[in-house]
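Every number for a ligand or one of its atoms is a count from 1 in the order of the listing.
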Amino acid sequence: MADDIIDRLLRIQDQDLRIVDMERELAALPERGKKLENELNDYHTAITAAQEQRKAAQLDVKRLEMEDQEHRQKISRLREQQMTLKTNREFRTMEEEIAVVQLRLGQLETRLLESMETVDSLSQELDGRKKELKQAEQAIEKEKELLIVRGRQVEEELEELRNQRKIAATSIPATWLSAYDRLFNGKRDRVLVSVENGICGGCHMKLPPAVTHSARRAESMVTCDFCGRMLYSDHRMT
Ligand SMILES: [Zn+2]
């Protein structure tokens with residue numbers, strides 16, 4: 001009698017375990033969707049950062065170009081002034097002044113070139129990141145669709161499993177079913193466990209020989225004194 005109940009209850013337990021798994025998967029789906037969104041946000045953040053870097057570099061270029069222009073104008077102004085000078089000494093002094101400005105102009109142009117190269121490499125980086133974003137968007141969109149499909153699939157399977165489980169439960173005596181349900185709802189894990197070599201398959205404690213014996217006889221409900229799980233033996237005598 002109990003032997004048959006145990007077999008049916010084991011099948012119900014398998015269904016319950018699958019239901020728990022699927023409920024967990026379903027509950028984790030929104031988090032997975034959010035993770036995909038976050039991945040996409042990371043790409044956008046990187047692009048915004050690169051754009052800001054480039055903007056700063058472009059401003060540098062503009063500023064240096066203006067300074068460059070100012071230095072050139074100053075040099076031509078000084079050259080014009082130089083023409084009006086009367087003495088060699090004045091002329092030489094002016095020449096030195098011009099040389100100082102020219103030196104600064106040279107330094108400025110080096111910096112200007114560097115800034116222009118920075119703008120170029122940041123532009124390249126930005127193009128690369130935009131390409132990456134586009135690919136990521138497509139991949140993530142696909143993954144999100146898969147998540148939606150999976151969600152529907154799991155919901156359908158869950159409904160079917162729950163129906164099957166409801167039908168299967170009608171064949172279990174109420175005392176057994178309520179004891180099992182109480183245990184399963186508490187642990188959400190295996191609560192009908194086998195006795196192997198006199199050890200509880202749930203908590204792995206050594207069971208008294210009388211309990212192991214009862215499990216083998218399979219005449220009534222046997223539970224573990226330590227963890228409260230229901231016990232059965234793979235070597236039942238019935
Ligand atoms: Zn136990």
Side-chain angles (χ1 to χ4, degrees), residues 1-39 41-42 139-140 142-238:
M1 170 66 186
D3 193 36
D4 193 36
I5 296 170
I6 283 165
D7 284 338
R8 275 180 275 154
L9 210 46
L10 280 171
R11 278 197 293 277
I12 286 181
Q13 177 166 258
D14 282 343
Q15 287 172 327
D16 282 343
L17 289 170
R18 274 178 66 203
I19 287 171
V20 166
D21 271 352
M22 296 195 123
E23 282 172 345
R24 282 200 188 118
E25 187 184 345
L26 203 58
L29 286 180
E31 193 56 42
R32 283 168 68 189
K34 213 169 148 191
K35 217 172 135 197
L36 292 175
E37 288 293 333
N38 287 344
E39 267 178 50
N41 282 342
D42 287 346
I140 284 171
K142 216 175 265 174
E143 279 188 61
K144 275 164 74 177
E145 277 167 28
L146 286 177
L147 284 185
I148 291 169
V149 170
R150 180 64 188 151
R152 276 195 222 114
Q153 204 178 17
V154 172
E155 272 170 6
E156 276 171 28
E157 282 180 40
L158 259 177
E159 203 190 321
E160 203 184 315
L161 265 172
R162 285 185 186 130
N163 283 336
Q164 285 174 2
R165 199 270 186 205
K166 209 183 277 175
I167 292 164
T170 58
S171 69
I172 309 290
T175 47
W176 283 77
L177 189 64
S178 64
Y180 165 84
D181 278 344
R182 200 172 48 246
L183 281 168
F184 190 87
N185 290 334
K187 293 203 194 294
R188 311 284 291 161
D189 201 353
R190 222 168 273 282
V191 292
L192 178 55
V193 296
S194 67
V195 180
E196 289 290 339
N197 302 318
I199 288 167
C200 168
C203 66
H204 308 294
M205 294 290 281
K206 179 96 183 136
L207 297 162
V211 174
T212 305
H213 184 67
S214 297
R216 278 191 178 194
R217 288 173 65 89
E219 283 174 349
S220 58
M221 195 190 302
V222 184
T223 55
C224 171
D225 289 341
F226 304 102
C227 68
R229 287 182 179 87
M230 295 164 85
L231 300 169
Y232 72 94
S233 172
D234 281 326
H235 315 286
R236 278 163 277 175
M237 289 184 233
T238 50

Subject >> Salt bridge R18-D14, side-chain N to carboxylate O under 4.0 Å >> reply: no

Original post:
When you check the gap from the basic side-chain N to the acidic O, do R32 and E143 get nearer than 4.0 Å?
Top reply: no

Original post:
Which protein N, O or S atoms lie under 2.8 Å from the Zn ion (ligand 1), given by chain and residue number?
Top reply: C200 SG, C203 SG, C224 SG, C227 SG

Original post:
If you measure from the Lys or Arg side-chain nitrogens to the Asp or Glu carboxylate oxygens, is any gap between D181 and R165 under 4.0 Å?
Top reply: yes

Subject >> Test log, rule side-chain hydrogen bond (donor to acceptor under 3.5 Å, both in side chains), inputs Q153 and R150 >> reply: CA-CA 5 Å; Q153 204 178 17; R150 180 64 188 151; 3.0 Å; yes

Original post:
Do Y232 and L9 touch side chain to side chain, with heavy atoms closer than 4.5 Å?
Top reply: no

Subject >> Under the side chain to side chain contact (heavy atoms under 4.5 Å, CB included) test, residues paired with T212 that sit two or more places apart >> reply: V195, L207

